[in-house]
J.: 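The structure that follows is given in the form of structure tokens.
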Protein chains: 2
Amino acid sequence: MKTETPIKTAFVEDDEVTRECLTLLIGGTDGYVCVGSFPSVEDALKQGFTATPDVLLLDIHLPGMLGSEAVRLFSEKYPRLQILMLTVYAEQDKIFESICNGACGYLLKKTPPARLLESIREAHEGGAPMTPEIARKVLRLFQKTARPEETDEKLTPHELRLLSLLAQGTSYRDAAEQFRVSINTIRYHIRNIYDKLHVHSKSEAVSKAIRLRLIS
Amino acid sequence: MKTETPIKTAFVEDDEVTRECLTLLIGGTDGYVCVGSFPSVEDALKQGFTATPDVLLLDIHLPGMLGSEAVRLFSEKYPRLQILMLTVYAEQDKIFESICNGACGYLLKKTPPARLLESIREAHEGGAPMTPEIARKVLRLFQKTARPEETDEKLTPHELRLLSLLAQGTSYRDAAEQFRVSINTIRYHIRNIYDKLHVHSKSEAVSKAIRLRLIS
DNA sequence: AAACTTACTGCATAAACGGGTAGTTTGGGT
DNA sequence: ACCCAAACTACCCGTTTATGCAGTAAGTTT
């Protein structure tokens with residue numbers, strides 16, 4: 001039934017036993033093919049893959065360059081590559097770093113083989129496979145970094161656009177030109193913005209606006 | 001085998017057919033029990049649940065109060081409640097809103113019943129069930145909002161402290177007083193900051209600093 | 001029609017800012 | 001002792017802001 005081309009998978013994993021297991025698992029399963037298996041990032045880069053991989057499994061704790069750092073490297077080198085982190089512990093900061101660098105999933109090594117294969121496919125098909133604990137941690141991080149904190153008075157769309165300009169360092173004069181209005185109108189709006197945000201300067205307004213997620 | 005107490009589940013879902021299906025599914029499955037089933041948030045609040053639910057399935061698009069808004073309400077009323085969003089479309093902003101408000105998962109209605117039951121259990125056990133597309137969207141959002149984006153030149157601790165003051169709207173003069181230095185020294189530092197950040201104004205510096213997560 | 005809001009414009013002025021140039025002081029290195 | 005880089009101080013000057021006061025035109029409300 002599997003007439004589709006197999007998913008080209010590669011690993012970077014320092015533990016030899018695990019690496020062997022993975023190679024066997026992938027090599028022995030229909031629909032998957034192993035195009036590389038290395039004990040370190042450096043080796044992978046030096047020797048190269050036998051074919052451009054679709055999915056890369058990256059261990060976090062590696063001798064030499066860490067997996068969490070290598071994510072960016074690989075994803076820049078192979079833009080269509082999906083990278084899955086594979087590690088023993090669910091460390092908050094490593095998860096964070098990996099995801100920010102562009103990893104698309106994060107699995108624990110205790111993941112059973114069937115689930116692992118499924119996750120590789122899921123990653124290849126645009127999903128973001130994670131173990132439940134990790135998914136929850138990601139959400140927590142997310143909730144922490146992104147809390148709306150409503151303002152008492154809402155800014156108009158116009159005011160928000162102006163605020164964005166200010167955040168970019170635009171002067172009143174330039175903003176006036178962009179909006180095709182007089183500089184005095186800009187002043188007028190700025191005053192309203194300041195009133196609503198209870199601030200008294202551009203920088204304060206910008207910082208408050210960003211914090212309240214009104215802009216950016 | 002299921003000697004554990006069943007997972008108390010409730011729904012808010014305006015489509016009557018879907019609601020019936022859910023009630024039947026949950027009611028008819030071992031290990032799950034339905035403690036409420038309402039067509040709107042308002043009804044749920046008015047009538048109350050037959051028991052404090054463990055997991056709540058919330059539709060996004062509801063008549064009256066939207067599910068994405070109700071998340072906070074429910075999670076404040078029942079702090080140990082796990083809330084799963086259940087909807088037809090994966091809308092970026094609704095996902096964002098729901099998660100920020102405290103939802104722990106986000107499923108599409110097309111999710112097959114078996115997977116749905118599994119997700120409820122997963123939510124109850126501290127996981128964060130999401131469909132693959134949604135998981136990927138969450139990661140994307142995450143990458144967008146939290147990108148370190150290294151600066152080419154690092155700011156000194158002193159410069160960072162000054163930058164925080166600027167973000168609060170402090171003037172050069174006041175900053176000088178706080179640091180017990182002359183206003184010219186403040187200027188000196190500001191210039192260095194601007195050079196390092198490649199900006200030309202306070203507001204631009206503040207916005208860049210916040211975005212780069214140098215401050216706040 | 002009178003009263004009121006909204007968005008906008010104009011002017012004035014003190015204060016704050018940005019950027020150039022230049023001269024101390026200080027604590028390491030070698 | 002010498003050099004070097006850093007942190008700091010100083011002055012200048014044109015530009016930009018913050019903010020008060022005042023006025024107009026279009027659209028609502030009553």
Side-chain angles (χ1 to χ4, degrees), chain A residues 148-216, chain B residues 93 147-216:
Chain A
E149 246 187 88
E150 61 271 17
T151 331
D152 41 346
E153 290 184 86
K154 266 178 253 161
L155 300 196
T156 68
H158 204 237
E159 289 167 343
L160 289 175
R161 262 176 284 143
L162 177 52
L163 209 42
S164 313
L165 284 188
L166 293 193
Q168 294 163 36
T170 315
S171 70
Y172 289 8
R173 188 193 314 285
D174 293 348
E177 276 184 26
Q178 291 204 34
F179 286 168
R180 312 288 182 117
V181 294
S182 114
I183 193 171
N184 298 295
T185 305
I186 298 295
R187 284 195 229 279
Y188 163 77
H189 289 302
I190 300 257
R191 276 178 245 209
N192 291 335
I193 293 173
Y194 286 6
D195 282 350
K196 290 184 183 176
L197 296 183
H198 310 299
V199 297
H200 307 279
S201 72
K202 270 208 318 193
S203 44
E204 207 184 345
V206 166
S207 100
K208 194 151 191 172
I210 294 181
R211 263 187 267 275
L212 297 180
R213 309 206 160 262
L214 302 175
I215 59 173
S216 151
Chain B
D93 54 333
R147 160 103 359 123
E149 249 184 82
E150 63 274 12
T151 330
D152 39 349
E153 290 183 86
K154 266 176 254 162
L155 299 197
T156 68
H158 203 236
E159 288 166 345
L160 290 176
R161 262 176 283 146
L162 178 51
L163 210 41
S164 314
L165 284 188
L166 294 193
Q168 293 164 37
T170 314
S171 70
Y172 288 8
R173 186 191 313 285
D174 293 349
E177 274 183 28
Q178 290 204 35
F179 287 169
R180 312 289 183 112
V181 294
S182 112
I183 193 172
N184 300 294
T185 306
I186 297 296
R187 282 195 225 279
Y188 163 75
H189 289 301
I190 300 256
R191 278 176 242 206
N192 290 335
I193 293 174
Y194 287 7
D195 282 351
K196 290 183 184 177
L197 295 182
H198 309 299
V199 298
H200 309 280
S201 74
K202 272 212 311 197
S203 45
E204 206 183 346
V206 165
S207 99
K208 194 151 191 174
I210 294 181
R211 262 186 267 273
L212 298 181
R213 309 201 163 265
L214 301 177
I215 58 173
S216 152

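In the text below, chain A, chain B and the rest are named by the order of the sequence lines, each starting its count at 1.
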J.: Please state how far atom CG in Leu163(B) lies from atom P in dC17(C), giving the value in whole angstrom units.
T.: 14 Å
J.: Please report, rounded to the nearest Å, how far the P atom of dC17(C) is from the CD1 atom of Ile186(B).
T.: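 It works out to 11 Å between those atoms.
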J.: In whole Å, what is the span from the CG atom of Asp195(B) to the C1' atom of dG20(C)?
T.: 12 Å
J.: Which of the following nucleotides, dA7(D), dA18(D), dC17(C), is nearest to the side chain of Tyr172(A)?
T.: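 Nearest to the side chain of Tyr172(A) among the choices is dA18(D).
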J.: Without decimals, in angstroms, what is the distance between Asn192(A) CG and dT6(C) P?
T.: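 About 10 Å, once rounded to whole Å.
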J.: Send over the distance from His198(B) NE2 to dG19(C) C1', rounded to a whole Å.
T.: 17 Å
J.: Which nucleotide in the list dG19(C), dC8(C), dT17(D) gets nearest to the side chain of Tyr188(A)?
T.: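 Between dG19(C), dC8(C), dT17(D), the one nearest the side chain of Tyr188(A) would be dC8(C).
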J.: Within this structure, what is the CZ-to-C1' distance between Arg161(A) and dA7(C), rounded to whole angstrom?
T.: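 In whole Å, dA7(C) C1' lies 14 Å from Arg161(A) CZ.
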J.: Indicate the atoms forming the closest heavy-atom contact of Leu166(A) with Ile190(A), along with that distance.
T.: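 Closest approach of Leu166(A) to Ile190(A): CD1-CD1, 3.4 Å.
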J.: Grab the two heavy atoms, one from Gly169(B) and one from Ser201(A), that are nearest each other, plus how far apart they are.
T.: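 Residues Gly169(B) and Ser201(A), closest heavy atoms: CA-OG, 3.6 Å.
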J.: Consider the side chain of Thr156(B), meaning its heavy atoms from C-beta on, and name the nucleotide among dT17(D), dG19(C), dA7(D) that approaches it most closely.
T.: dA7(D)
J.: Could you check which of dG18(C), dA16(C), dA10(D) has an atom nearest any side-chain atom of Asn184(B)?
T.: dA10(D)
J.: So does His189(A) get a side-chain nitrogen or oxygen closer than 4.0 Å to the phosphate oxygens (OP1/OP2) of dA7(C)?
T.: no
J.: For the side chain of Ser171(B), starting at C-beta, report the closest nucleotide among dA16(C), dC8(C), dT16(D).
T.: dA16(C)
J.: Verify the contact: side-chain N or O of Ser182(B) to OP1 or OP2 of dA10(D), cut-off strictly under 4.0 Å; return yes or no.
T.: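 Yes, such a contact exists.
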J.: Looking at dC17(C), dA18(D), dA7(D), which one has an atom nearest to any side-chain atom of Arg187(B)?
T.: dC17(C)
J.: Could you give the CG-to-P distance, from Leu197(B) to dG18(C), as a whole number of Å?
T.: 13 Å
J.: Please determine if a side-chain N or O atom of His200(B) lies less than 4.0 Å away from the OP1 or OP2 oxygen of dG19(C).
T.: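 Yes, His200(B) has a side-chain N/O under 4.0 Å of OP1/OP2 on dG19(C).
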J.: Rounded to the Å, how far apart are Arg173(B) CZ and dA14(C) P?
T.: 15 Å
J.: Nearest 0.5 Å, what's the CG-CG distance between Leu155(A) and Leu197(A)?
T.: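 Here the interatomic distance stands at 5.0 Å.
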J.: Rounded to the nearest 0.5 Å, how far apart are OG1 of Thr170(B) and CD of Gln178(B)?
T.: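 The CD atom of Gln178(B) is 6.0 Å from OG1 of Thr170(B), to the nearest 0.5 Å.
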J.: Choosing from dT21(C), dA18(D), dA7(C), which nucleotide comes nearest the side chain of Arg191(B)?
T.: dT21(C)
J.: Decide side-chain contact (heavy atoms from CB on, under 4.5 Å) for Thr156(A) and Lys196(A); before the verdict, give the C-alpha distance in whole Å, the side-chain angles of both, and the deciding distance to 0.1 Å.
T.: CA-CA 11 Å; Thr156(A) 68; Lys196(A) 290 184 183 176; 4.1 Å; yes
J.: Verify the contact: side-chain N or O of Tyr194(A) to OP1 or OP2 of dA18(D), cut-off strictly under 4.0 Å; return yes or no.
T.: yes
